[in-house]
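Inspection log for the structure reproduced underneath, given as structure tokens.
All chains are named by letter (A, B, ...) in the order of the sequence lines, taking the proteins before the strands, and each is independently numbered beginning at 1. Note: hydrogens, waters and symmetry copies are ignored here, and every other heavy atom, side chains too, is used.
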Amino acid sequence: MYKTHTCGELRTEDVGKTVKLAGWVHRRRDHGGVTFIDLRDRFGITQVVFDSQTAPQAHQAADALRMEWVIQVEGIVRKRPPGSENPALATGEIEVAAQELRVLNSAKTPPFLIYKDEEIDEHTRLKYRYLDLRRERMRRNLELRHRVVKFIRDYLDERGFWEIETPILFKTTPEGARNYLVPSRLHPGEFYALPQSPQQLKQLLMVAGVERYFQIARCFRDEDQRGDRQPEFTQLDIEMSFVDREDVMQLVEDLFTKLVAAVVPEKRILASPFPRLSYREALERFGKDNPDLRYGLELVNVTDLMHNCGFAVFEQAIRSGGSVRGINVKGCGEYSRKQIDELTEFVKQFGAKGLAYIALPHEGEVRSTFAKFLSPEVQAALFERMRAEAGDLLVFIADKDKIVFEALGRLRVHLAEKLGLIDENVLAFCWIIDFPFVVWNEEEQRWDPSHHLFTAPMPEDIPLLDTDPGRARGQQYDLVLNNYEIGGGSIRIHDRALQEKVFKLIGLDLEVARERFGHMLEAFEYGTPPHGGIAPGIDRICMILAGEPNIREVIAFPKNQAARDVMAGAPSPVEPKQLEELHIRVELPATVQKS
RNA sequence: GGUCCCGUGGUGUAGUCUGGUUUAACAUACGGCCCUGUCAAGGCUGAGAUCGCGGGUUCAAAUCCCGUCGGGACCGCCA
């Protein structure tokens, strides 16, 4: 046995015991006659003392120790001399007086300091991820993620769910994200696809009568990276039979409420029950369907006031079917022209042509590009609608709704960050419901499903599918937390006739549908229960709970922005023999030089 | 496919805008020596960067320009 205790567990009760500890040399403080080693393992840090008087041999041996050497120490636990306790350490009341030292392994000087929580170039961190993971920040994140997943497993198990694994090698689905493909050796020219999610399989498990299924499921999407997107990521995949929308939402809400209390008790849930916003309301008030509810700065629709306001830019936008909306940026009335220009540049990124403003630096003073066009009545109505007071800055965008929402929604987040309105300890969960069932695809001149093919429409909206599909709502729900969509789900179609109606609506030929989803359609004919589910993203949830800026920080071995594993060097070329076996010939694009 | 930002000893930064004052500075880590109560230990001392790479402008380039590579943020994409 290498250790009798971990480096995090010795306390004053253990004083007098002879113990063995093993771990890494975290820090070393050599005072000549006495040397202190902070010995670290996954569980904590314990101070080990090498004294030249009482243990001269061990003391001499300790002279050679360097950072990150792996050692074993045998010694006696003793209380630290009064005044030398370290309250920053859980084991800070005691120390281990070393009698014997055994070096288990020496270590090269690491490329960065393990004990220091400084920002290191991420490429270096990823290249030496196994060292990066030794650092406290990463250790904490790994533990948090373990706690989250463990809590979820226990919670769902207690409620009768089974965790069932579904295949990683599955069938390609041309819809949605680009697939990762795996060539088949046994079937030349054919490919498996890695699942974007176990969507079809979990529905088939419902046909199978499982009733309550979950999986901590790895999903794969071959799309470009973002801070909250990796080529492979993990979803909590849930599917239930004999449930309606309300049942799924209640379960998930209860799960996350209890999870937060258990895993991150220092965080506060903003509102419980979670607020529910219709898709339309989310856009109207926040400009996006993943709104951050931790602060105000809500959008205000002033279109009706601006119909004949005299300001041509506004009038024209309204005449071409658009709207005029604004945000009251409280307390920024004294923004300089330069500061407002910066905001204008910001919204231009998202298609806005400009940013109109009315600054109210002081009582009675108005600074604006367009206020002069407004009649006193319109101006008064505008100020009232926007609850404008002296000291405020009102900003407006006039355009098509899509652009107004996008630009103001982004501006709202930008302003909140800039003005420091975000409380990092608050978790603002909310539900977005009543999504449009289908959205018009201008390019292809047809309706696309807004969620996925098997999502059920609201029962009362089924007649609309024939008359006015754009107005039909789906039985879909998104779970949103602090500016991130952390999960989406729906009640599925379990009726063959309705499913065919939907295929028809979105222009999916029945023959093609059979080819791609024949197994689903056939399965549905053998007695399919009403069912639905949801799939919260584990990485994003952990990222937010850990207070991290991207999901790489909560993934042990993530890929970089170019989808590379820089530690192992994946992807990589393969041996010609391997390609031969797979019946694959590589043709590089002209821009890539052959090496 | 596109836009923006970054690249200086092992690590983190300064210097770059405004070229010469630099023998490229500081901290930390690293080597050696001293030191019995530290916990960011301390003191003395030493070594370590042709400034990502290539080209150009110039009497002179870490600094300006072009290209390229690497990294990050974002748009497109992500049912």
Query raised in the report: Does the aromatic ring of His31(A) sit over the six-membered base ring of rA41(B), closer than 5.5 Å centre to centre and tilted less than 30°?
Result: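 Stacked: ring centres under 5.5 Å, planes under 30°.
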
Requested in this report: Please answer whether rU38(B) and Phe36(A) are stacked, defined here as ring centres separated by less than 5.5 Å and planes angled under 30°.
Outcome: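 It does: the two rings, one from Phe36(A) and one from rU38(B), meet the stacking criterion.
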
Query raised in the report: Given that Ile120(A) and Val49(A) both sit by RNA chain B, which one's nearest nucleotide is further toward the 5' end?
Result: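 By nearest-heavy-atom nucleotide position, the 5'-most residue is Ile120(A).
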
Requested in this report: Return the 5'-most residue of the pair Glu118(A), Glu122(A) with respect to RNA chain B, ranking by each residue's nearest nucleotide.
Outcome: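 The residue closer to the strand's 5' end, by nearest nucleotide, is Glu118(A).
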
Query - Nucleic acid contacts of residues 341-354 of chain A, taken as heavy-atom distances under 4.0 Å to RNA chain B - result: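 Hits under 4.0 Å, by residue number: none.
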
Quick one: label [X] by what it contacts on the DNA or RNA (base, sugar-phosphate, nothing), any heavy atom closer than 4.0 Å.
X         : result
Gly227(A) : sugar-phosphate
Gln225(A) : nothing
Arg410(A) : sugar-phosphate
Thr35(A)  : nothing
Pro111(A) : sugar-phosphate
Arg552(A) : sugar-phosphate
Asp448(A) : nothing
His123(A) : sugar-phosphate

Report task. Verify the contact: side-chain N or O of Arg27(A) to OP1 or OP2 of rA41(B), cut-off strictly under 4.0 Å; return yes or no. Result ->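 Checking Arg27(A) against rA41(B): at least one side-chain N or O falls below 4.0 Å of OP1 or OP2.
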
Requested in this report: May I ask you to evaluate whether Tyr115(A) reaches the phosphate of rA29(B), defined as a side-chain N or O under 4.0 Å from OP1 or OP2?
Outcome: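 Looking at the OP1 and OP2 atoms of rA29(B), one of them is under 4.0 Å from a side-chain N or O of Tyr115(A).
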
Of the listed nucleotides ([options]), which one gets closest to any side-chain atom of [X]?
X         : options                   : answer
Arg226(A) : rC75(B), rG37(B), rA29(B) : rC75(B)
Thr124(A) : rC35(B), rU11(B), rG37(B) : rU11(B)
Arg80(A)  : rC78(B), rA29(B), rC39(B) : rC39(B)
Phe112(A) : rU38(B), rG72(B), rU11(B) : rU11(B)
Arg229(A) : rG32(B), rC77(B), rG72(B) : rC77(B)
Lys116(A) : rA41(B), rU28(B), rA29(B) : rU28(B)
Glu223(A) : rG31(B), rC77(B), rC39(B) : rC77(B)
Ala177(A) : rU38(B), rA29(B), rC78(B) : rC78(B)

Query raised in the report: Is a donor on one side and an acceptor on the other found under 3.5 Å between the side chain of Glu485(A) and the backbone of Asn290(A)?
Result: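 No.
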
Taking atom [atom1] as the centre, does [X] end up with more than 12 heavy-atom neighbours from other residues, nucleotides or ligands that are less than 6.0 angstrom away?
X         : atom1 : result
Arg11(A)  : CZ    : yes
Gln445(A) : CD    : yes
Gln57(A)  : CD    : no
Lys127(A) : NZ    : no
Glu118(A) : CD    : yes
Gln60(A)  : CD    : no

Considering only heavy atoms and no angle criterion, is a donor-acceptor pair shorter than 3.5 Å present between the side chain of [X] and the base of [N]?
X         : N       : answer
Asn560(A) : rG72(B) : no
Glu95(A)  : rG37(B) : yes
Arg78(A)  : rG37(B) : yes

**Report entry** rC5(B) versus rC78(B) - spacing of their C1' atoms, nearest Å
**Finding:**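 Pairwise C1' distance, rC5(B) against rC78(B), rounds to 24 Å.
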
Requested in this report: Determine the interatomic distance between C1' on rA41(B) and the same-named atom on rU28(B); round to the nearest Å.
Outcome: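 rA41(B) and rU28(B) have their C1' atoms separated by 14 Å.
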
Query raised in the report: Once the angle between the rings of Phe346(A) and His414(A) is folded into 0 to 90°, is it parallel (under 30°), tilted (30 to 60°) or perpendicular (over 60°)?
Result: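 Parallel, since the angle between the ring planes stays under 30°.
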
Query raised in the report: Mind checking whether Tyr130(A) and Tyr128(A) have parallel, tilted or perpendicular rings, split at 30° and 60°?
Result: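 Perpendicular, since the angle between the ring planes exceeds 60°.
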
Query raised in the report: Across all strands, who's sitting opposite rA62(B) as a Watson-Crick or G-U wobble pair, both distances under 3.5 Å?
Result: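 Check on rA62(B): unpaired, no WC or wobble geometry under 3.5 Å.
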
